[in-house]
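As the structure is a prediction and not an experimental result, all values here were calculated from the model. Worth knowing before you read on, the calculation uses all heavy atoms, side chains too, and leaves out hydrogens, waters and symmetry mates. In this chain, residues are counted from 1 in sequence order.
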Amino acid sequence: MRTRFRTWSGLLLGLALVIGCQEPPPPESPSTTGQASPVDDLVLASARIALPPPGTAPSDLPDPNAEGAQLLRQYCTACHALSSPQTHSATDWPVVLRRMWLRTEGVAAQYDVPVPNAAERKVMLDYLLEYALEVSRSELPRGPGRALFVTNCSRCHELPDPSQHTETDWAAVVIRMRQHMVQMLRLSPPQAEVQEIILYLERASKAAS
């Protein structure tokens with residue numbers, strides 16, 4: 001299984017390449033003109049791609065009072081916005097968490113970034129696995145919108161099971177994912193395609209229930 005989300009290491013590499021390959025800025029620089037340079041644009045674009053999507057409100061986490069949810073709020077928000085368990089599938093979360101833990105362990109003490117202990121890590125992992133993105137394991141139902149769903153949604157993550165959400169919930173989910181695509185990939189399917197994806201998932205969810 002592959003994860004499409006860019007990592008911070010990709011950002012650092014991108015920044016290094018951008019800075020290392022550019023000539024020194026001309027005398028008329030952004031600091032004196034107030035205008036962004038091509039280098040600035042590239043750095044900002046890299047940052048948008050590498051950063052996680054907009055955060056999830058603590059109250060929107062599944063079982064928000066569970067110990068796992070509380071540990072996510074305590075540790076994960078020290079570095080970035082709170083992520084939903086459905087950001088990754090159960091096959092991906094162990095790798096993602098290990099990467100995050102290694103990074104926090106390597107942060108200098110002066111930054112006071114909290115690091116979970118072994119018991120807390122197990123609780124966090126168990127919580128994320130329980131509420132992870134449910135990946136479609138069978139052949140997706142055929143019908144209008146299927147190809148658009150496969151093409152667009154697989155840009156960032158594995159294809160979710162249409163039965164993961166109810167017929168009435170899919171519209172809000174798809175709209176939220178479209179916002180993530182705009183921030184992270186700087187692209188978005190046209191509104192007509194978004195509506196076709198929503199209708200496809202609503203039909204597929206209803207058929208599975």
**Q** So His88 and Leu133, do their side chains get closer than 4.5 Å, heavy atoms only?
**A** no

**Q** Rounded to the nearest 0.5 Å, what separation is found between the CG atom of Asp161 and the OG atom of Ser89?
**A** 12.5 Å

**Q** Identify, with sequence neighbours excluded, every residue that meets side-chain hydrogen bond (donor to acceptor under 3.5 Å, both in side chains) alongside Thr168.
**A** Thr166

**Q** Arg155 vs Leu187, test: side-chain contact (heavy atoms from CB on, under 4.5 Å). Steps then yes/no.
**A** CA-CA 11 Å; Arg155 293 180 186 273; Leu187 56 84; 4.2 Å; yes

**Q** Is there a path of hydrophobic side-chain contacts, each under 4.5 Å between heavy atoms of I/L/V/M/F/W/Y residues, joining Val150 to Trp170?
**A** yes

**Q** Can you see which heavy atom on Pro85 is nearest to which on Leu61, and at what distance?
**A** CD-CD2, 3.8 Å

**Q** Would you find more than 12 non-hydrogen atoms of other residues, nucleotides or ligands less than 6.0 Å from Gln74 atom CD?
**A** yes

**Q** Under a 4.5 Å side-chain heavy-atom rule over Ile, Leu, Val, Met, Phe, Trp and Tyr, are Leu82 and Leu129 clustered together?
**A** yes

**Q** Calculate, to the nearest 0.5 Å, the distance between atoms CD and CG belonging to Gln86 and Leu128 respectively.
**A** 11.0 Å

**Q** Filter on side chain to side chain donor-acceptor pair (under 3.5 Å), then keep only pairs touching residues 198-207, sequence neighbours left out; what's left?
**A** none

**Q** Among residues at least two apart in sequence or on other chains, which ones pass side-chain hydrogen bond (donor to acceptor under 3.5 Å, both in side chains) with Thr77?
**A** none

**Q** How does the hydrophobic cluster around Val107 look, that is, which other residues are in it when side-chain heavy atoms under 4.5 Å mark a link?
**A** Tyr111, Val113

**Q** Taking all atoms of both residues into account, what is the closest heavy-atom pair of Pro58 and Pro64, and its distance?
**A** O-CB, 3.5 Å

**Q** Consider only side-chain heavy atoms of I, L, V, M, F, W and Y, link residues closer than 4.5 Å, and tell whether Phe149 and Ile198 are in one cluster.
**A** yes

**Q** When hydrophobic residues are tied together by side-chain contacts of less than 4.5 Å, even through go-betweens, does Leu159 share a cluster with Trp93?
**A** no

**Q** Quick one: side chains of residues 118-127, donor-acceptor pairs under 3.5 Å with protein atoms, not counting sequence neighbours, listed by atom name and distance.
**A**
from	atom 1	to	atom 2	distance (Å)
Glu120	OE1	Tyr75	OH	2.6
Glu120	OE1	Asn117	N	3.0
Glu120	OE2	Tyr75	OH	3.1
Arg121	NE	Pro116	O	2.9
Arg121	NH1	Glu105	OE2	3.2
Arg121	NH2	Glu105	OE2	2.6
Arg121	NH2	Pro116	O	3.4
Lys122	NZ	Asp126	OD2	2.8
Tyr127	OH	Pro62	O	2.5

**Q** Could you check whether any side-chain N or O of Glu134 sits under 3.5 Å from a backbone N or O of Pro160, counting only pairs where one atom can act as donor and the other as acceptor?
**A** no

**Q** Considering non-hydrogen atoms only, spot the tightest contact between Ile197 and Gly145 and give its length.
**A** CG1-O, 4.5 Å

**Q** Could you measure the distance from the OG atom of Ser83 to the CE atom of Met100? Nearest 0.5 Å is fine.
**A** 9.0 Å

**Q** If you compare all heavy atoms of Ala132 against all heavy atoms of Ala90, which two are closest, and at what distance to 0.1 Å?
**A** CB-N, 3.6 Å

**Q** Who pairs with Glu193 by side chain to side chain contact (heavy atoms under 4.5 Å, CB included), at least two apart in sequence or on another chain?
**A** Leu148, Asn152, Pro189, Pro190

**Q** For His165, which of Leu201, Val173, Val174 qualifies under side chain to side chain contact (heavy atoms under 4.5 Å, CB included)?
**A** Val173

**Q** Side-chain heavy atoms nearer than 4.5 Å, only ILVMFWY residues, links allowed to pass through others: does that put Val135 and Met177 together?
**A** no

**Q** Assess whether atom CZ of Arg98 is packed by more than 12 heavy atoms of other residues, nucleotides or ligands within 6.0 Å.
**A** no

**Q** Heavy atoms only: give me the nearest Arg142-Arg146 pair and the separation to one decimal.
**A** CA-CD, 3.7 Å

**Q** Could you state the interatomic distance from OG1 (Thr56) to CZ (Arg73), rounded to the nearest 0.5 Å?
**A** 12.0 Å

**Q** Roughly how far apart are Met181 CE and Ser188 OG, rounded to 0.5 Å?
**A** 6.0 Å

